[in-house]
Amino acid sequence: MRSFRFLLSRRWGLFALTVVLVAWATWWLGQWQFHRLTDRKHDNQVVETNEHRTAAPIDDVLAAGEPVAADDEWRLVTVTGTYDAAHTIIWRYRSNDDGAPGVDVVVPLVTDAGTTVIVDRGWLGTAADDKRPDVPPPPAGRVTVTGYVRADGSGSSTRVDALSTRALSSRTVGPAIGRQVYGGWLALHSEDPKPTQALDPLSLPDLGNGPHFFYGLQWWFFGVLAVFGFFYLLYDEWRTGKGDAVGAARRRVKQDRDDTRSEKTSRKQAVREAYKAAYEKERAARK
């Protein structure tokens with residue numbers, strides 16, 4: 001009668017532990033993807049709501065030195081001031097929707113109250129190695145800007161070096177230009193008056209849900225597949241008696257090894273006895 005004693009072997013113990021770890025990891029990764037989907041839907045709802053709201057005065061949404069509220073991302077605001085073109089900042093390593101290399105042209109706008117808002121006026125195509133391209137000037141004099149509110153970037157990439165940066169943050173731009181600035185920055189929607197040469201506007205975010213749902217299902221499928229494979233192999237080994245055969249083979253190998261070791265020991269003992277008998281015989285002859 002076949003039994004499941006083979007499950008007590010080290011091989012099956014390690015196999016079972018591996019399957020448990022794989023199943024746990026795939027379950028966790030699936031949950032992670034579904035949490036990301038929930039976050040994505042919430043962010044999309046915020047963006048979609050704010051895109052259709054009437055533009056608000058900037059002081060109703062932003063404040064100097066304060067971070068952008070999560071529910072204010074991509075909200076339209078208006079502000080009037082004068083561009084500080086002398087402190088134009090180049091946001092490097094930017095590409096358009098077609099993947100062409102370029103930069104974003106960021107210009108501080110000094111409001112009538114004296115507080116400055118950072119405005120990303122748009123994208124300009126450049127050569128890949130052009131670190132300081134010639135950029136078209138912004139409108140001169142008083143300008144009314146309407147733009148989308150964006151949160152500050154983070155990390156060392158926001159450092160401003162010679163009016164150039166790899167990520168945009170008001171926390172680093174303010175000290176670099178020596179001005180008090182609003183928290184966050186604006187992605188330009190429109191300017192009044194219009195510039196002589198317009199830049200390519202920033203694209204609005206994709207409001208799709210992304211692949212997170214299917215990635216989550218894939219991870220869970222891999223986990224189910226690992227568990228199914230374990231029980232299938234268990235059944236197959238029990239059905240065919242491979243586990244008993246393997247155990248019997250191992251026992252035979254062990255018995256053969258023990259028999260060989262016993263035979264060698266017997267031979268060595270016989271040799272020692274023969275040498276001892278010969279020695280005793282020679283000793284007796286001498287006497």
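- In plain terms, the two heavy atoms of Pro139 and Lys194 that are nearest each other are CG-C, 4.1 Å.
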**Prompt:** Which is it for Thr80 and Thr144 under the side-chain hydrogen bond (donor to acceptor under 3.5 Å, both in side chains) test, yes or no, and what are the steps along the way?
**Reply:** CA-CA 4 Å; Thr80 300; Thr144 298; 3.1 Å; yes
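- Here the CG atom belonging to Leu109 is positioned 10.0 Å from the CZ atom belonging to Arg142, to the nearest 0.5 angstrom.
- In this structure, CG on Asp200 lies 12.0 Å from CG on Leu188, to the nearest 0.5 angstrom.
- If you chain together hydrophobic residues whose side chains sit under 4.5 Å apart, Leu37 and Leu29 fall into the same group.
- In the hydrophobic clustering of ILVMFWY residues, with side-chain heavy atoms under 4.5 Å counting as a link, Val61 and Val145 come out together.
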Would you tabulate the side-chain donor-acceptor contacts of residues 207-230 under 3.5 Å, counting partners in other chains and residues two or more places apart, or write 'none'?
{"residue": "His212", "atom": "ND1", "partner": "Gln33", "partner atom": "OE1", "Å": "3.0"}
{"residue": "Trp220", "atom": "NE1", "partner": "Trp27", "partner atom": "O", "Å": "3.2"}

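- At a threshold of 4.5 Å between side-chain heavy atoms, the hydrophobic network of Ile, Leu, Val, Met, Phe, Trp and Tyr places Val173 and Leu163 in one connected group.
- Closest approach of Val143 to Glu191, counting heavy atoms only: CG1-CB, 4.2 Å.
- Of the listed residues (Thr158, Asp152, Thr116), just one forms a side-chain hydrogen bond (donor to acceptor under 3.5 Å, both in side chains) with Ser170, and that residue is Asp152.
- Note that the CG atom of Leu124 and the CG atom of Asp134 stand 9.5 Å from one another [nearest 0.5 Å].
- Looking at heavy atoms from C-beta onward, Leu186 lies in side-chain contact with Leu62 at the 4.5 angstrom threshold.
- At least one side-chain heavy atom of His189 sits less than 4.5 Å from a side-chain heavy atom of Thr146.
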**Item:** Audit row: Tyr182, Asp59, side-chain contact (heavy atoms from CB on, under 4.5 Å) steps and yes/no
**Value:** CA-CA 9 Å; Tyr182 286 96; Asp59 289 319; 2.7 Å; yes
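- What you find for Ala187 and Leu202 is that their closest heavy atoms are CB-CD2, 3.9 Å.
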**Request:** Check the pair Thr111 / Thr82 against side-chain contact (heavy atoms from CB on, under 4.5 Å), numbers first and verdict last.
**Result:** CA-CA 7 Å; Thr111 66; Thr82 304; over 6 Å; no
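- Linking ILVMFWY side-chain heavy atoms closer than 4.5 Å, directly or via other members, places Val106 and Val79 in two distinct hydrophobic clusters.
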**Request:** May I have the step-by-step check of side-chain contact (heavy atoms from CB on, under 4.5 Å) for Thr165 and Ile89, ending in yes or no?
**Result:** CA-CA 7 Å; Thr165 186; Ile89 295 172; 4.0 Å; yes
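- If you take CG on Leu76 and CZ on Arg53, they are separated by 10.0 Å, rounding to the nearest 0.5 Å.
- For the pair Leu168/Ile118, a side-chain contact is recorded, criterion being any heavy-atom separation below 4.5 Å from C-beta on.
- Atom CD1 in Ile177 sits 6.5 Å away from atom CG in Asp84 (nearest 0.5 Å).
- The nearest pair of heavy atoms linking Ala64 to Gln180 is CB-NE2, 3.9 Å.
- Judged by distance alone, the side chain of Arg75 and the main-chain N or O of Ala56 form no donor-acceptor pair under 3.5 Å.
- Between Glu73 and Val149, every side-chain heavy-atom pair lies at or beyond the 4.5 Å cut-off.
- Listed here is the closest heavy atom pair of Arg150 and Val68: O-CG2, 3.6 Å.
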**Request:** Please lay out, stage by stage, how Arg10 and Leu14 fare under the test side-chain contact (heavy atoms from CB on, under 4.5 Å).
**Result:** CA-CA 6 Å; Arg10 180 182 179 185; Leu14 292 175; 4.1 Å; yes
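- Atom-to-atom distance recorded for Ser169:OG and Trp185:CH2 is 10.5 Å, nearest 0.5 angstrom.
- Nearest heavy atom pair, residue Leu199 against residue Pro136, reads CD2-CG, 3.5 Å.
- Without hydrogens or angle criteria, Asp120 side chain to Gly122 main chain gives a donor-acceptor distance under 3.5 Å.
- Hydrophobic clustering places Val181 together with Val160 (ILVMFWY residues linked when any side-chain heavy atoms are closer than 4.5 Å, directly or through intermediates).
- The pair Arg92-Asp104 fails the salt-bridge criterion, with no side-chain N (NZ, NE, NH1 or NH2) lying under 4.0 Å from an Asp/Glu carboxylate O.
- Looking at Pro133 and Val103, their side chains come closer than 4.5 Å, going by heavy atoms from C-beta outward.
- When side chains are defined from C-beta on, Arg121 counts as touching Pro195, because their heavy atoms get closer than 4.5 Å.
- When atom types are taken as modelled, the side chain of Trp91 and the backbone of Arg166 share a donor-acceptor pair closer than 3.5 angstrom.
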